[in-house]
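Inspection log for the structure reproduced underneath, given as structure tokens.
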Amino acid sequence: MRPLWRCRNCGREWPCQPAKLALLTEYRSSRTALLVYLGTLMHQATTQLTQLHPITRRPG
């Protein structure tokens, strides 16, 4: 569930354990493709979660 990055099935933070197993199964023949996919999702998650929870800096 974006932009919260929660599992649609269980509501836990994604990837939950079942999602991890599903990804390993789906990408079992290409770990490189899995890394590219997860890297892309990490970038998207960082962007979306930063918009939801902006980083506020404290005066130094």
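Note that these values count all heavy atoms, side chains included, but never hydrogens, waters or copies made by symmetry. As the structure is a computational prediction, the values presented were derived from the model and not from experiment. Heads up: numbering here begins at 1 and tracks the sequence.
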With a 3.5 Å cut-off and sequence neighbours excluded, list the donor-acceptor pairs that the side chains of residues 16-39 form with protein atoms.
| unit_1 | atom_1 | unit_2 | atom_2 | d |
| --- | --- | --- | --- | --- |
| Thr25 | OG1 | Leu21 | O | 2.9 |
| Arg28 | NH1 | Thr25 | O | 3.3 |
| Ser30 | OG | Ala33 | N | 3.2 |

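Residues Trp5 and Glu13 have side chains not in contact (no heavy-atom distance under 4.5 Å, counting atoms from C-beta outward).
Considering Leu41, Thr47, Thr40 in turn, Thr47 is the only one that fulfils the side-chain contact (heavy atoms from CB on, under 4.5 Å) rule with His43.
The side chain to side chain donor-acceptor pair (under 3.5 Å) check on Gln44 picks up Arg2, with sequence neighbours excluded. Partners of Thr50 by side chain to side chain contact (heavy atoms under 4.5 Å, CB included), not counting sequence neighbours, listed by chain and number: Thr46.
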